[in-house]
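Take a look at the structure set out below.
Start at 1 and go down the list; that is how both ligands and their atoms are numbered. For the single chain, residues carry numbers from 1 onward in sequence order. This is a predicted model, so every value here is computed, not measured. Quick note: numbers below take in every heavy atom, side chains included, and nothing from hydrogens, waters or symmetry partners.
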Amino acid sequence: MPHATVSQPTTAFYVNDGLLSPERVGRLQPSSPSEPLDELRRRYEQDGYLFLKGLLPRQDVLKAREAYFDLLAPSGVLAPDTLPVDGIFDGGKDKLDFPGIGAGSTDANGRPRGGLFVDLALQAHSEPWYKDDFCKHPALRSFIAKLMGWGDDTLGLARSLLRNNTPHNKAIGVHYDQIFLRHGEDTSITAWVPMGDIALDGGGLIYLENGHTLGREIETGFFNKAKQTGLTDEEAKDAFNKNMMGGGLLAEGPKEYGEEHDRRWLVTEYEAGDVVLHTPYTIHASTINKDPKNVIRLGTDLRFVNSSRPYDKRWTNIYEFGDGV
Ligand SMILES: O=C(O)CCC(=O)C(=O)O
Ligand SMILES: [Fe+2]
């Protein structure tokens, strides 16, 4: 009997505007933190990102994940009889009552709908286990200090967004981070830190291939246009956001954006302890969380600057809804 041909199951990547076509999908390339710094720097410059496997101790990341879901459990977000550290969404609930912070739709005050869930998700940003232990993890700061050569001037900005992507909810659209940090130089670096394992289809961050060169071109284009109309540098900075969609995005949908620019989106699964460092012009977005086990995707974006250079002071306060950034 002839062997049945078993077709390789391919993961489907859902984004805000549909399914990514398989030919528009590539792999994010991993690096090890123990490789020579010169080589890691070269890769960061060349690719616009550095995907570091196991930079943080897995246990430290899982401890923060557990503390987060311990805090949010009274909202009813977790499936009954599951462990907080696993962060399993209760599939019997309406997903719209548990919207992802930072990606979901908001009301006129910049507040997502979602009662206690949203209140607790916001409160998490001020908890000592997050703002002191997790965000100031010495392994992350010291690595960035070495990579960037900033030494003691390496400063982690207090403002960060803990993003809890519950299954099937909206994901963040296409953007680069300088859009939000424009009141400073373009010397910042973002550390995207998954807080827990994220399956390939579990809603991880995706990166536009060589998106940092495109992001830089877009920024220069906006700036030149604004200057031609006679604006000062400061006025030009404010004018940028008027060129963007509401919320500062380049586009809501990664699918159309990748097609329009003829580029692939780079995807990967993540493990607790992994960190992606990316430049302020690196274009990225997120997939929609389609984890079949309903694992809630938790992640945070921590930003570091060289404090001896001008940086965006709006980022020195802990995140609040509608804080104007
Ligand atoms: O976690 C997300 O969905 C978005 C994170 C992000 O955009 C960033 O790290 O800059
Ligand atoms: Fe971002």
* So do the side chains of Val305 and Thr154 get within less than 4.5 Å of each other, counting heavy atoms only? -> no
* Side-chain contact, heavy-atom cut-off 4.5 Å: Pro280 with Tyr176? -> no
* Quick one: give me the number of protein N/O/S atoms under 2.8 Å from the Fe ion (ligand 2). => 3
* Is the number of heavy atoms from other residues, nucleotides or ligands under 6.0 Å of Glu256 CD greater than 12? -> no
* Let me see the working for His284 and Tyr49 under ring-ring contact (aromatic ring centres under 6.0 Å, His included), right down to the final yes or no. => CA-CA 10 Å; His284 53 284; Tyr49 73 86; over 10 Å; no
* **Numbered atoms of ligand 1 (with element) below 4.0 Å of Trp192, judged on heavy atoms** => 1 (O), 2 (C), 5 (C), 9 (O)
* **Among Ile288, Leu205, Thr287, Asp291, side chain to side chain contact (heavy atoms under 4.5 Å, CB included) partner for Arg297** => Leu205
* To do: Would you check the N or O atoms of Thr190, main chain and side chain alike, for any that come under 3.5 Å of an N or O of ligand 1?
  => no
* Asked: Any nitrogen or oxygen of Asn165, main chain or side chain, under 3.5 Å from a nitrogen or oxygen of ligand 1?
  -> no
* Does any donor atom in the side chain of Thr316 or Arg159 lie under 3.5 Å from an acceptor atom in the other side chain? -> no
* Structure fact -> At under 4.0 Å between heavy atoms, what of Thr300 touches ligand 1? The answer is neither
* **Set of ring pair (Phe, Tyr, Trp, His ring centres under 6.0 Å) partners for Phe13, sequence neighbours left out** => none
